Amino acid sequence: MIAAVSAPARRQPRVLVADDTDTIRALFEKLLTNDGYQVISAVDGIEALDAVSVYHPDVIVTDVGMPGVDGIEVCRRLKRDPSTHLTPVVLVTGLSDLPDRIRGIEAGADDFLTKPVHPQELRARVAALLRMKQLTDALDSAEAAFMALAMTIEARDPTTRGHCERLAHHAVRLGRVLGVSNDDLSALHRGGYLHDVGKVGVPDSVLLKAGPLSATEFAVMKRHTEIGETLCAPLQSLRHVRPIIRSHHERLDGSGYPDGLRADQVPLLAQIVGIVDVYDALTSQRPYRPPLTPDAAVRHLLIEVEQERFSKTLVTAFLDTVDKAQDVITHPGCAFRDAGRGEGYRPK
Ligand SMILES: [Fe+2]
């Protein structure tokens, strides 16, 4: 039984209450409905998970002890799922259930309520977590808008189809091999999608030009790094991604742009995205040439290392991931002209 207790005319905040005891469930429903929430109820863990997928609640209040899938397992599954891991979960436990609380913390629970639950405490906890969820949603929306913008830019150029997705995937893979932190892996994933978001400021006459760019056109193209960084600056959640967006065309010998950084001045995450970007570009179809074979692209990267533009350590680690994952190579097109050194750039 999954019951929507109140049916709103417009989107109210939604709270899912999961408890196998009818009287407790009814009490929570009444209290929260009176506070203006739409309350969804579920009698066990399976119903609770089904209700989450149907109703997308803003806050979940679940008893720990339920038949079948218990509240802690419900919490664990929701926190593992990228689509629900930011939804706050409150676990309701007995007064002396310290082991349950520890398991709940390990499962990612956001808060706890102790039986018997005081009505004011329930209302206060739900209200506080709802405010947190609304802030998270606002951040999610802004990031989603940037992602959509990046996809739109990619769609402007048919030869770059799939480039961002591959870049995100393989930059994260290289980051894992290098042992970077989870925060950095998250930045690499987002950076893969957003690194070229500044191309929104590059006119089609330059972005889609089939042949080599003139010096003036290349100067316009280079500005995408600074435009992208400026666009993302207001978003605190993208602060770790901004160095990738600004510096993914920097090279260790100072020949890159926009700042001509050298050696360790080039942020590590920007170096990772820069290497994967070039490899993906080389092995992609262009209007004026077929894709390079993986071997030829590897030779090119090694020349870049010899000329001290890319880190030998990073390129070696990347080539190791390419060896182990041939799926890196299958794609139809990419921003080759922009990924290398710019105007008239061709692999040796
Ligand atoms: Fe770029």
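Small disclaimer: the values here were computed from a predicted structure and weren't measured. Note that ligands are numbered from 1 as they come in the structure, with each ligand's atoms numbered from 1 the same way.
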task = May I ask you to decide whether R76 forms a salt bridge with E73, counting only side-chain N to carboxylate O separations under 4.0 Å?
result = yes
message = I need the full list of salt bridge (Lys or Arg N to Asp or Glu O under 4.0 Å) pairs touching residues 291-301, with sequence neighbours left out, sorted by first then second residue.
response = none
remark   = For Y193, the ring pair (Phe, Tyr, Trp, His ring centres under 6.0 Å) test, sequence neighbours excluded, returns H189
ask   = What N/O/S atom of D196 gets nearest to the Fe ion (ligand 1)?
value = OD1
task = For the Fe ion (ligand 1), find the closest N/O/S atom belonging to H224 and write down its atom name.
result = NE2
message = Checking one value in my table: which N/O/S atom of H249 lies closest to the Fe ion (ligand 1)?
response = NE2
inquiry  = Only N/O/S atoms count here: what is the atom of H248 closest to the Fe ion (ligand 1) called?
reply    = NE2
task = Using a strict cut-off of less than 4.0 Å between a Lys/Arg side-chain nitrogen and an Asp/Glu carboxylate oxygen, indicate whether D110 and K79 qualify as a salt bridge.
result = yes
